[in-house]
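Here is the structure we will look at, set down as structure tokens.
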Amino acid sequence: MTDEKSLNFLEEIVEKDLAEGKYKTIVTRFPPEPNGYLHMGHAKSICLNFGLALKYGGKTNLRFDDTNPVTEETEYVESIKNDIRWLGFNWAEELYASDYFEKLYEFAVTLIRKGLAYVDDSTSEEIAKQKGTPTTPGTDSPYRNRSVEENLKMFADMRAGKYRDGEKVLRAKVDMAHPNMHMRDPLMYRIKHAHHHRTGDKWCIYPMYDFAHGQSDSIENITHSICTLEFIPHRALYDWFIEKLEIYPSHQYEFARLNMTYTVMSKRKLLQLVNEKHVSGWDDPRMPTLSGVRRRGYTPASIREFCDRIGVAKRENLIDVGLLEFCVREDLNKTAQRRMVVFDPIKVVITNYPEGKIEMLDGENNPEDPNGGTREMPFSREILIEEEDFMEVAPKKYFRLAPGQMVRLKSAYIIKCDDVVKDGSGKIKELHCSYIPESKSGSDTSGINVKGTLHWVCAKHAVPVEARLYERLFKVEDLGDAEGDFKDYLNPDSLQIKTVYAEPALLKDSNDLRFQFLRKGYFVMDPDSIPGKPVFNRTVTLKDMWAKKN
RNA sequence: UGUCCGAUGGUGUAAUGGUAACACUGCAGAUUUUGGUUCUGCCUUUCAAGGUUCGAAUCCUUGUCGGACAACCA
């Protein structure tokens with residue numbers, strides 16, 4: 001292989017570390033907090049962490065960062081595991097920060113003994129005031145110089161439940177004048193008499209992120225701890241705890257999180273959309289959650305490809321959602337079986353076709369796949385075509401049906417439009433056409449060349465199906481840039497539901513749930529489907545040069 | 001008005017002192033029983049000013065712009 005792909009900056013670091021013998025093998029981790037559903041931003045992180053280990057022969061742990069019992073639930077643990085597996089990755093070990101609570105407690109005691117941590121009675125408001133501001137130094141807490149013995153005793157009492165929530169905290173003793181706000185005596189432990197999804201009521205003190213994450217990495221011998229840019233200022237603290245504790249030195253590296261056009265990518269905002277019922281749930285096909293894009297019909301391969309194409313760097317970015325759509329079209333074009341479905345039907349009567357005759361025609365399942373096989377579709381005197389495929393007065397480059405004009409019916413015959421039948425109000429009721437018997441698809445001896453090919457369904461055999469057509473959730477490209485409430489920019493037309501008419505094979509001999517509705521887009525069957533009432537979600541439309549120009 | 005991070009076509013990402021490239025988008029054309037796919041071509045790029053150097057997107061200085069940081073969240 002000569003198609004050497006250039007390395008991203010993290011791959012460069014890993015290769016350098018490996019080459020220098022710093023590590024024999026690398027260990028990464030994916031550390032979600034089980035307080036919400038995974039989204040495309042997580043997919044980027046998952047592909048990065050698991051991808052790195054896969055590429056360099058290391059391993060990746062799944063570690064739930066469950067240090068805040070108030071917001072975390074087992075339900076989320078299950079959905080997260082499910083999403084990672086769906087994406088196609090396997091973790092080496094399933095771990096929890098809460099597994100380390102006892103160890104973390106010991107670490108805290110160690111720091112107290114070293115005079116590097118103290119129990120503070122200040123209220124949260126007082127502590128906030130002590131912190132100062134980014135441009136002015138903080139001030140020491142009046143409790144900063146308690147004796148080691150007193151701190152040890154009080155910390156033990158905190159654990160023993162002798163205090164109420166918020167009454168005391170454990171703080172690291174670093175430097176209240178540090179230019180980095182995170183180094184101004186950060187909190188290590190807070191009191192929360194809350195039930196934890198794994199440890200139950202065993203604990204009433206819980207470590208903060210900064211006192212849990214790095215140490216958890218260290219315990220697991222994580223070599224490369226990869227997180228997003230906003231943790232850059234935390235790195236000094238991450239290193240400080242590891243240094244003072246003299247434990248395995250994991251290292252933190254930061255990359256820029258994923259932003260996509262026309263959507264939001266924060267758990268908080270996504271939760272809001274769910275709670276305020278702007279969408280049907282976390283798995284609403286318009287959501288950028290993994291459960292949402294899965295239901296929308298995106299394939300794991302297309303998402304992995306997307307994550308590969310967007311790259312990894314440290315600069316802020318806003319990825320065009322069109323790239324995601326490109327990736328799924330690229331995948332589905334090769335794999336999805338073709339079916340014909342008419343959305344806005346207009347009846348065509350083929351006047352020279354025998355009444356009562358039904359012919360079974362063969363149609364390719366997938367022209368991109370030579371082994372894709374064929375399916376049968378009924379053809380008769382009355383068929384349905386798309387309303388927009390006929391124009392009474394056609395512009396110059398219109399290849400579709402118009403009075404006197406000929407088109408090919410896909411996998412069937414060439415027809416010519418002879419008559420437009422209207423009702424009393426002048427509305428078109430049906431089209432009268434004649435077909436060319438010797439133009440049958442596959443054995444065409446007519447010698448006629450037509451420019452346009454239309455999809456169609458047999459009127460008698462058409463199966464009504466519910467189609468859910470999705471557009472972008474928001475009206476503006478860059479939500480980060482938009483003034484005011486992001487919900488003001490919701491696209492009111494992001495979901496359109498309509499009854500459409502499908503060829504019978506859509507519901508019969510199909511062993512896959514993903515299809516290309518010819519000339520319409522890629523669709524996937526929705527779990528809302530019940531026997532006799534199928535529902536299909538539009539994953540993405542086909543590229544349509546004609547529509548774009550008109 | 002502090003510390004830290006960043007700045008390359010419309011959007012992303014490369015080029016690691018030696019001809020600024022790849023993908024997506026856009027535009028034009030060819031092929032096509034999907035106005036799809038495929039193929040071809042084109043458009044468009046180094047934040048600014050100084051400096052180092054034979055040579056700078058890359059190194060140095062200053063500036064400009066964007067972002068992060070003051071939750072008992074992660």
Side-chain angles (χ1 to χ4, degrees), chain A residues 5-8 12 31-33 35 65-68 70-72 120 123-124 127-138 165-171 178-184 187-192 206 208-210 212-213 227-236 254 256 261 267-268 309-320 322-327 329-330 333-334 338 340 363-364 367-368 397-400 407-412 414 439 441-442 444 449-455 477 480 516-521 541-550:
Chain A
K5 222 192 135 192
S6 57
L7 304 176
N8 66 49
E12 280 180 8
E33 184 188 10
N35 70 345
D65 227 332
D66 55 350
T67 57
N68 186 358
V70 180
T71 55
E72 296 153 4
D120 195 334
T123 64
S124 60
I127 290 176
K129 194 170 273 178
Q130 289 160 20
K131 291 241 177 186
T133 72
T135 51
T136 54
D165 286 7
E167 209 175 324
K168 286 184 165 46
V169 293
L170 184 72
R171 287 228 254 172
H178 200 106
N180 180 344
M181 297 290 292
H182 293 274
M183 297 299 272
R184 321 243 261 227
L187 270 61
M188 293 165 59
Y189 270 91
R190 77 284 217 193
I191 300 170
K192 275 180 195 281
Y206 293 93
M208 300 289 291
Y209 167 85
D210 285 309
H213 201 96
C227 60
T228 46
L229 255 29
E230 66 269 28
F231 290 97
I232 289 176
H234 294 250
R235 191 174 60 229
E254 311 85 10
T261 54
K267 265 195 228 174
R268 201 194 94 246
R309 282 174 181 261
I310 59 178
V312 179
K314 297 190 76 159
R315 65 185 91 104
E316 305 270 340
N317 59 79
L318 179 63
I319 307 282
D320 189 342
L323 182 62
L324 216 211
E325 296 177 344
F326 168 84
C327 290
R329 283 192 190 108
E330 185 186 43
N333 175 51
K334 295 194 202 97
R338 272 55 170 175
M340 293 201 282
E364 274 179 312
E368 304 295 316
K397 286 209 161 179
Y398 188 77
F399 308 149
R400 284 118 89 147
V407 293
R408 153 80 57 188
L409 294 176
K410 177 73 181 175
S411 302
I414 291 173
S439 69
S441 189
D444 184 353
N449 266 317
V450 293
K451 209 76 164 109
T453 301
L454 309 184
H455 64 279
E477 267 204 334
Q516 183 195 110
F517 290 2
L518 228 66
R519 303 208 296 144
K520 283 296 183 183
T541 60
L542 256 34
K543 232 166 74 178
D544 189 346
M545 297 303 252
W546 174 252
K548 197 182 305 183
K549 278 190 224 168
N550 293 274

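In the text below, chain A, chain B and the rest are named by the order of the sequence lines, each starting its count at 1. In this text the structure is predicted, and so the values were computed from the model without any measurement.
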Categorize A:Ile414 for me: base, sugar-phosphate, or nothing, with a 4.0 angstrom heavy-atom threshold over every strand shown.
nothing
5' to 3', nucleotides 65-74 of chain B under a 4.0 Å protein heavy-atom cut-off (B base, S sugar-phosphate only, - none) gives --SSSB-BSB
Which residue in the set A:Asp66, A:Thr71, A:Thr67 passes side chain to side chain contact (heavy atoms under 4.5 Å, CB included) when paired with A:Glu33?
A:Thr71
Do any N or O atoms from the side chain of A:Arg408 and from the backbone of A:Ser439 form a donor-acceptor pair under 3.5 angstrom?
yes
Distance between P atoms of B:A7 and B:C43 (Å, rounded)
27 Å
Students often mix this up, so state it plainly: with edges at 30° and 60°, are the rings of A:His234 and A:Tyr209 parallel, tilted or perpendicular?
perpendicular
Could you tell me whether a side-chain N or O of A:Arg329 sits under 3.5 Å from a main-chain N or O of A:Thr541, the two making a donor and an acceptor?
yes
Flag, side chain of A:Asn8 to backbone of A:Gly311, donor-acceptor distance under 3.5 Å:
no
Same-atom distance (C1') from B:U37 to B:G55, integer angstrom:
46 Å
If a pair means Watson-Crick or G-U wobble with both distances below 3.5 Å, what does RNA chain B look like in dot-bracket form, with | marking bases paired to a different strand?
.((((((..((((....[..)))).(((((.......)))))....(((((..]....))))))))))).....
What string of B, S and - do you get for nucleotides 27-40 of chain B 5' to 3' if you count protein non-hydrogen atoms under 4.0 Å?
------BBBBS---
Could you check whether any side-chain N or O of A:Arg190 sits under 3.5 Å from a backbone N or O of A:Val169, counting only pairs where one atom can act as donor and the other as acceptor?
no
When the P atoms of B:U61 and B:U25 are compared, how many Å lie between them, rounded to an integer?
41 Å
Tell me if a side-chain donor or acceptor on A:Arg184 pairs with a main-chain N or O of A:Thr133 at a distance below 3.5 Å.
yes
Here the distance between atom C1' of B:U46 and atom CZ of A:Arg315, to the nearest Å, is 11 Å
Measure from NZ on A:Lys314 to P on B:C4 and round the result to the nearest Å.
13 Å
Base, sugar-phosphate, or nothing: which does A:Val312 touch, judged by heavy atoms less than 4.0 Å apart?
sugar-phosphate
